[in-house]
Student: 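The following block contains the structure, expressed as structure tokens.
Each chain gets a letter, A, B and so on, in the order its sequence line appears, and its residues count up from 1.
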Amino acid sequence: MPELPEVEVTRRGLLQDLPGCLVKKITWSNKSLREPIPRKLLVRYIEGNRIKTIDRRAKFLLFRMVNNSTMVIHLGMTGKISLLSVGEPRARHDHLRLFLDKEKELRLNDSRRFGSIAVWPPAESIQLEKNFSRNIGVEPLSNDFHPDNLMAQVRRRTQPVKTFLMDSRRVAGIGNIYANEILFDAMIHPLTPVNRIPRQAWEKIILSAKKILQEAINSGGSTISDFLGTSGNPGYFQVKFKVYGQGGEKCRKCSKNIYKTVIGGRSTFFCSHCQTMK
DNA sequence: CGGCGCACCTGAGTGC
DNA sequence: TGCACTCAGGTGCGCC
């Protein structure tokens with residue numbers, strides 16, 4: 001399910017109930033996700049402790065514990081976190097179950113197992129987070145997402161702007177769907193080399209990104225009440241995308257054809273009439 | 001160093 | 001109904 005908006009909506013949903021909860025017991029599947037599940041660290045630092053709050057960095061959820069440890073979860077392509085009432089039967093592809101007080105269970109289900117779970121022990125948490133964050137680009141909803149910042153990074157680069165927006169070391173949290181949608185909104189051709197984008201166009205990309213991501217978060221916000229219960233995940237919010245998945249359809253702005261191609265190995269949708277190289 | 005292709009894994013959909 | 005094949009929202013490695 002997850003790009004930045006979906007992860008953020010998940011975070012906000014969990015924030016309604018999780019802070020203060022005690023993690024009484026943790027169980028896991030016998031399969032690895034992207035990396036092996038850190039069982040020993042989960043038992044040592046998360047089990048028996050209380051959740052303080054939940055933060056987000058890029059598409060990672062950071063569960064801050066009262067003992068200053070942190071559980072870091074990435075949802076990959078198919079990861080879903082649900083907050084369930086105790087007694088929900090286990091399901092195929094459940095990989096992590098946190099049994100909480102207040103008759104609740106936090107569960108991670110991930111069929112493709114591209115997700116990940118890490119634990120930062122209290123003593124190393126600050127340093128580990130520093131290293132972690134250093135390898136991740138600017139948060140697009142922050143004030144640091146600014147033409148100065150981006151243009152300084154792209155002087156020598158020729159990669160397509162779509163690839164740049166999706167590169168987590170440059171910009172955090174933008175995946176294939178929203179990269180397509182943002183560039184349509186900004187009227188920029190996805191193949192435009194980043195070193196040939198003028199400041200004005202960067203300003204537009206930034207505004208479009210903030211707008212598109214914020215709209216997605218807002219529309220997901222209305223589904224937060226679905227968190228309790230098995231069907232509880234917001235997914236892509238039934239948002240009607242303007243270009244993603246619309247190959248062969250008519251452009252909403254100019255009625256010309258929307259093309260589908262592949263950039264950086266990912267499906268790319270755009271209107272060659274509305275979206276130009278500046 | 002920058003940029004690209006590919007692997008990782010399962011499930012859904014399509015066409016024969 | 002079954003089989004073979006394609007594609008999918010993410011990330012990081014290795015290769016040129």
Student: Do the side-chain N and O atoms of A/D144 and A/N149 include a donor-acceptor pair separated by under 3.5 angstrom?
Tutor: no
Student: Compute whether any side-chain donor of one residue and acceptor of the other, for A/Q246 and A/K240, lie under 3.5 angstrom apart.
Tutor: yes
Student: To the nearest 0.5 Å, what is the distance between CG (A/L61) and CG (A/D55)?
Tutor: 9.5 Å
Student: State whether A/K31 places a side-chain N or O below 4.0 Å from either non-bridging phosphate oxygen (OP1 or OP2) of B/dC9.
Tutor: no
Student: Would you kindly compare A/G264 and A/R170 by the position of their nearest DNA chain B nucleotide and give the one closer to the 5′ end?
Tutor: A/R170
Student: Below 4.0 angstrom from OP1 or OP2 of B/dG11, is there any side-chain N or O of A/H93?
Tutor: yes
Student: A/F132 and A/F60: aromatic ring centres closer than 6.0 Å?
Tutor: yes
Student: Within this structure, what is the CD-to-P distance between A/Q159 and C/dC16, rounded to whole angstrom?
Tutor: 21 Å
Student: Quick one: do the A/S32 and A/R113 side chains pair a donor with an acceptor below 3.5 Å?
Tutor: no
Student: Mapping A/R92 and A/R34 to their closest nucleotides on DNA chain B, which lands nearer the 5' end?
Tutor: A/R34
Student: For nucleotides B/dC6 and C/dT6, find the distance between their P atoms and express it as a whole number of Å.
Tutor: 14 Å
Student: Once pairs are restricted to Watson-Crick or G-U wobble with both distances under 3.5 Å, how does DNA chain B read as a dot-bracket string, [ ] for crossings and | for other-strand pairs?
Tutor: .|||||||.|||||||
Student: Take atom CD1 of A/I263 and atom C1' of B/dC4, then tell me their distance rounded to the nearest Å.
Tutor: 13 Å
Student: Please give, in whole Å, the distance from B/dA7 P to A/E35 CD?
Tutor: 20 Å
Student: Please determine whether residues A/L62 and A/V7 belong to a single hydrophobic cluster, defined as Ile, Leu, Val, Met, Phe, Trp and Tyr linked transitively by side-chain heavy-atom distances below 4.5 Å.
Tutor: no
Student: State whether a side-chain donor-acceptor pair under 3.5 Å links A/S111 with A/H93.
Tutor: no
Student: Any side-chain N or O of A/R112 under 4.0 Å from OP1/OP2 of C/dA8?
Tutor: no
Student: So does A/R169 get a side-chain nitrogen or oxygen closer than 4.0 Å to the phosphate oxygens (OP1/OP2) of C/dG12?
Tutor: no
Student: Is the distance from OP1 or OP2 of C/dA8 to the nearest side-chain N or O of A/K260 less than 4.0 Å?
Tutor: yes
Student: I need the CZ-C1' distance between A/R266 and B/dG3, as an integer number of Å.
Tutor: 16 Å
Student: Tell me which one of A/D101, A/L18, A/V23 satisfies side-chain contact (heavy atoms from CB on, under 4.5 Å) with A/R50.
Tutor: A/D101
Student: Atom CE of A/M77 to atom P of B/dA12: distance rounded to whole Å?
Tutor: 15 Å
Student: Determine the interatomic distance between P on C/dC7 and the same-named atom on B/dG5; round to the nearest Å.
Tutor: 15 Å
Student: Need one value for A/G265: base, sugar-phosphate or nothing, where a base atom within 4.0 Å counts as base even if backbone is also close, heavy atoms only.
Tutor: nothing
Student: Does a side-chain N or O of A/T78 approach OP1 or OP2 of C/dA8 to a distance below 4.0 Å, or not?
Tutor: no
Student: Base, sugar-phosphate, or nothing for A/S116, non-hydrogen atoms under 4.0 angstrom?
Tutor: nothing
Student: With stacking defined as ring centroids separated by under 5.5 Å and planes differing by under 30°, is A/F114 stacked against B/dC8?
Tutor: yes
